[in-house]
S.K.: 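Structure provided below as structure tokens; questions to follow.
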Amino acid sequence: MIDTTGMITVAEAAKRLNLSIEQVRRKLREGKLRGQRIGNQWFVEEAESSAKKLQPLIARDVLSDLDGVRQQIARENPGVVYDAVAMVRKHRDEA
């Protein structure tokens, strides 16, 4: 039996790091996160999820700028329903 004590799933690491599951897998493959592959599944060292604060895919200032543009579009086009920032946030929350 393989000991996974101190390890968390990729999904849990993604939530803790505010990254997508694929971003966590990529960082594991690139050696930017410590973990272990057991069969077809990756496990991340739990300490990695709290010790490392990795950059999210989209920086907060970019999201803020995007939100400003969204608000401007909404003001100029009241009938248009297009909320890219909300879509990005929803996608992160679902991951």
S.K.: Shortest non-hydrogen contact from Leu33 to Leu28?
M.R.: O-CD2, 3.6 Å

S.K.: Give the minimum heavy-atom separation between Val44 and Ala13, together with the two atoms involved.
M.R.: CG2-CB, 3.8 Å

S.K.: Heavy atoms only: give me the nearest Gln41-Thr9 pair and the separation to one decimal.
M.R.: NE2-CG2, 4.1 Å

S.K.: Under 3.5 Å, is there a donor-acceptor pair between the Ser20 and Gln23 side chains?
M.R.: yes

S.K.: Out of curiosity, Glu12 CD to Ile21 CD1, how far, rounded to the nearest 0.5 Å?
M.R.: 10.5 Å

S.K.: Walk me through it: do Phe43 and Arg37 pass the test side chain to side chain contact (heavy atoms under 4.5 Å, CB included)?
M.R.: CA-CA 6 Å; Phe43 290 89; Arg37 190 175 179 123; over 6 Å; no

S.K.: Could you walk me through whether Arg92 and Asn18 pass the side chain to side chain contact (heavy atoms under 4.5 Å, CB included) test, one step at a time?
M.R.: CA-CA 7 Å; Arg92 279 190 183 164; Asn18 198 26; 3.8 Å; yes

S.K.: Return the set of residues passing salt bridge (charged side-chain N to carboxylate O under 4.0 Å, His left out) with Glu76 (not counting sequence neighbours), or none when no residue passes.
M.R.: none

S.K.: Is any side-chain heavy atom of Ile73 closer than 4.5 Å to one of Gln71?
M.R.: no

S.K.: Any chance you could lay out the side chain to side chain contact (heavy atoms under 4.5 Å, CB included) test for Lys27 and Leu17, step after step, and finish with the verdict?
M.R.: CA-CA 12 Å; Lys27 291 188 182 302; Leu17 294 168; over 6 Å; no

S.K.: Hey, are Arg29 and Glu22 close enough for a salt bridge, meaning a charged N less than 4.0 Å from a carboxylate O?
M.R.: yes

S.K.: For Met7 and Glu46: C-alpha separation, side-chain torsions, deciding distance, then whether side chain to side chain contact (heavy atoms under 4.5 Å, CB included) applies.
M.R.: CA-CA 5 Å; Met7 306 289 269; Glu46 190 167 15; over 6 Å; no

